[in-house]
Visitor: 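I'd like to ask you about the structure that follows.
All heavy atoms count here, side chains included; hydrogens, waters and symmetry mates do not. Worth saying up front: this structure is predicted, and the values here are computed from it rather than measured.
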Amino acid sequence: MAAGFDPSGRLPDVFTNAGTSSFTQFLTYAAPEMLPGRRPLPPGLSADIAPHATTIVAIATADGVVMAGDRRATMGNLIASRDIEKVHPADAHSLIGMAGTAGIGIELIRLFQVELEHYEKIEGTMLSLDGKANRLAGMVRGNLGAAMQGLAAVPLFAGFDLSPADPARVGRIFSFDVAGGLYEETGYDAIGSGSLFAKSALKKKYRPGVSTPDAIAMAVEALYDAADDDTATGGPDLTRKIYPVVMTATAEGTHRLPPEELNTVAEDVVAGRMENPGG
């Protein structure tokens, strides 16, 4: 039961007074136990009790951004899921992906989506892209206690900037650390256990102003490279028809690539590696 509820069923004043534009701040008053970082945890490390999500990549393009995530979740040396979805729209013009403890990461994404929708309803306008990134940093910081016990979840945030300071950089990417540190990345970034290999692949092929179709192919190929060297990352599964989740954010909004498009991209990447395994 949320803090302060009247047994008679009457809503407490916090629900009826003029509220804050931050849904997370509202929860700290009304029901703090519902925030991911406020739940009590048993002593000791808890890293092995929940599935972990792995690799996410983001690429800035001439039109906005592309974000892609593999579909594998692991528990130790076991594959916990082959088709988890780690990349989602944050709002109409931004994307969020997560790596780390899957349950915490998915809850963080859902809370962030509500946070942005709540702000827009209360204020009648959208947060700036920098404002969204700062709100997300605060939410990550709120999970620091659980992260110190092994239940860390780190997001990757990217979007189309509706009011860019530089018109040539409409697509922007933000990364975070477990303490809520916020860093804007240039061109591309990756998080998760396979990020080292994914970023190494992107480093050789990325060029400023890359087109969205080329960035999609680069993202799938980077995940293929990550899966080649990191057991926790899953590459395109042509047998089961399980492909990375690939989304774009442009002036037209967010868009998820349908499976038939990804099938073509994945088959091209795999066919290319059949001829040249090293890429």
Side-chain angles (χ1 to χ4, degrees), residues 53-70 86-100 105 108-109 112-113 116 126-140 153-178 180-223 225-226 244-257:
T54 47
T55 310
I56 308 292
V57 301
I59 303 171
T61 73
D63 306 315
V65 290
V66 170
M67 185 178 289
D70 81 304
K86 313 168 193 174
V87 175
H88 300 268
D91 67 359
H93 290 92
S94 61
L95 305 168
I96 181 172
M98 63 87 187
L108 182 69
I109 288 174
F112 184 55
Q113 290 170 328
L116 298 185
M126 293 177 65
L127 270 169
S128 67
L129 201 62
D130 290 288
K132 296 171 191 176
N134 281 310
R135 288 286 177 103
L136 183 55
M139 294 169 64
V140 174
V154 179
L156 186 62
F157 177 65
F160 179 88
D161 195 341
L162 295 171
S163 303
D166 180 359
R169 293 184 59 201
V170 292
R172 300 172 65 193
I173 302 168
F174 300 87
S175 65
F176 306 80
D177 60 34
V178 293
L182 170 62
Y183 315 96
E184 183 168 1
E185 306 295 339
T186 300
Y188 61 88
D189 195 35
I191 59 171
S193 60
S195 60
L196 174 65
F197 311 109
K199 284 196 283 190
S200 296
L202 291 173
K203 183 178 181 179
K204 300 296 183 183
K205 295 194 172 185
Y206 176 79
R207 297 292 181 272
V210 64
S211 69
T212 296
D214 287 345
I216 290 169
M218 287 167 52
V220 174
E221 192 163 1
L223 291 175
D225 282 328
V245 174
V246 180
M247 297 195 70
T248 63
T250 64
E252 286 72 38
T254 60
H255 170 68
R256 176 171 173 167
L257 265 69

Visitor: Minimum heavy-atom separation for Val170 and Pro164, please, with both atom names.
Guide: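 Looking at all heavy atoms of both residues, the shortest contact is CG1-CG, 4.0 Å.
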Visitor: What are the two closest non-hydrogen atoms of Gly171 and Ala60, and how far apart are they?
Guide: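 What the structure gives for the nearest pair is O-CB, 3.7 Å.
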Visitor: Give, for atom OG1 of Thr55 and atom CG of Leu196, the distance between the pair rounded to the nearest 0.5 Å.
Guide: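 Those atoms lie 10.5 Å apart.
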Visitor: Show, in sequence, the C-alpha distance, side-chain angles and deciding distance for Arg172 and Val65, and conclude whether the side chain to side chain contact (heavy atoms under 4.5 Å, CB included) test is met.
Guide: CA-CA 7 Å; Arg172 300 172 65 193; Val65 290; 5.9 Å; no
Visitor: Once you round to the nearest 0.5 Å, how far does OG1 of Thr248 lie from CZ of Arg256?
Guide: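 The distance works out to 12.0 Å.
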Visitor: If you round to the nearest 0.5 Å, how far is CD1 of Ile216 from OG1 of Thr61?
Guide: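 Output value for this atom pair is 9.0 Å.
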Visitor: The test is side chain to side chain contact (heavy atoms under 4.5 Å, CB included); show your working for Ile56 and Met98 and say whether it passes.
Guide: CA-CA 7 Å; Ile56 308 292; Met98 63 87 187; 6.0 Å; no
Visitor: Can you tell me how the ring of His93 sits relative to the ring of Phe160, calling it parallel under 30°, perpendicular over 60° and tilted otherwise?
Guide: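 Answer is tilted, since the angle falls between 30° and 60°.
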Visitor: Does the Asp63 side chain pair with the main chain of Thr250, one donor and one acceptor, at a distance under 3.5 Å?
Guide: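 No; judged by distance alone, with no hydrogens or angles, the pair does not exist.
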Visitor: Do Val245 and Lys86 make a side-chain contact, defined as non-hydrogen atoms from C-beta onward lying under 4.5 Å apart?
Guide: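 Sidechains of Lys86 and Val245: no contact.
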Visitor: Quick one, Val140 and Pro155 - any side-chain contact, counting heavy atoms below 4.5 Å?
Guide: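 Yes. Closest side-chain heavy atoms under 4.5 Å.
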Visitor: How far apart are the closest heavy atoms of Val154 and Ile191, and which atoms are they?
Guide: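 Looking at all heavy atoms of both residues, the shortest contact is O-CD1, 3.3 Å.
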Visitor: Can you see which heavy atom on Ala68 is nearest to which on Val87, and at what distance?
Guide: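 Taking Ala68 first and Val87 second, the nearest heavy atoms are C-CG2, 3.8 Å.
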Visitor: What are the two closest heavy atoms between Ala90 and Phe157, and how far apart are they?
Guide: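 Looks like CB-CE1, 4.1 Å.
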Visitor: Between the side chains of Asp70 and Thr54, does any donor sit under 3.5 Å from an acceptor?
Guide: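 Present: a donor and an acceptor within the cut-off.
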Visitor: State whether Arg207 and Asp214 are salt-bridged, where the test is any N-O pair (Lys NZ or Arg NE/NH1/NH2 against Asp/Glu carboxylate O) under 4.0 Å.
Guide: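 So Arg207 does not pair with Asp214 through a salt bridge.
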Visitor: Measuring from atom CE of Met126 to atom CG of Leu162, what distance do you get when rounded to the nearest 0.5 angstrom?
Guide: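 Nearest 0.5 Å value for the CE-CG distance: 5.5 Å.
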Visitor: Roughly how far, to the nearest 0.5 Å, is CD1 of Ile109 from CD1 of Ile96?
Guide: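 Answer rounded to 0.5 Å: 5.0 Å.
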Visitor: Between Arg169 and Glu184 (salt bridge meaning N to carboxylate O under 4.0 Å), is one present in this structure?
Guide: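 A salt bridge is present here (some side-chain N lies under 4.0 Å from a carboxylate O).
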Visitor: Can you check whether Lys132 reaches Asp91 side chain to side chain, under 4.5 Å on heavy atoms?
Guide: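 Yes. Closest side-chain heavy atoms under 4.5 Å.
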Visitor: Show the nearest heavy-atom pair for residues Ala215 and Val66, with the distance to one decimal.
Guide: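 What the structure gives for the nearest pair is CB-CG2, 3.9 Å.
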Visitor: Within this structure, what is the OG-CZ distance for the pair Ser94 and Phe174, rounded to the nearest 0.5 Å?
Guide: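 Taking OG in Ser94 and CZ in Phe174, the distance rounds to 10.0 Å.
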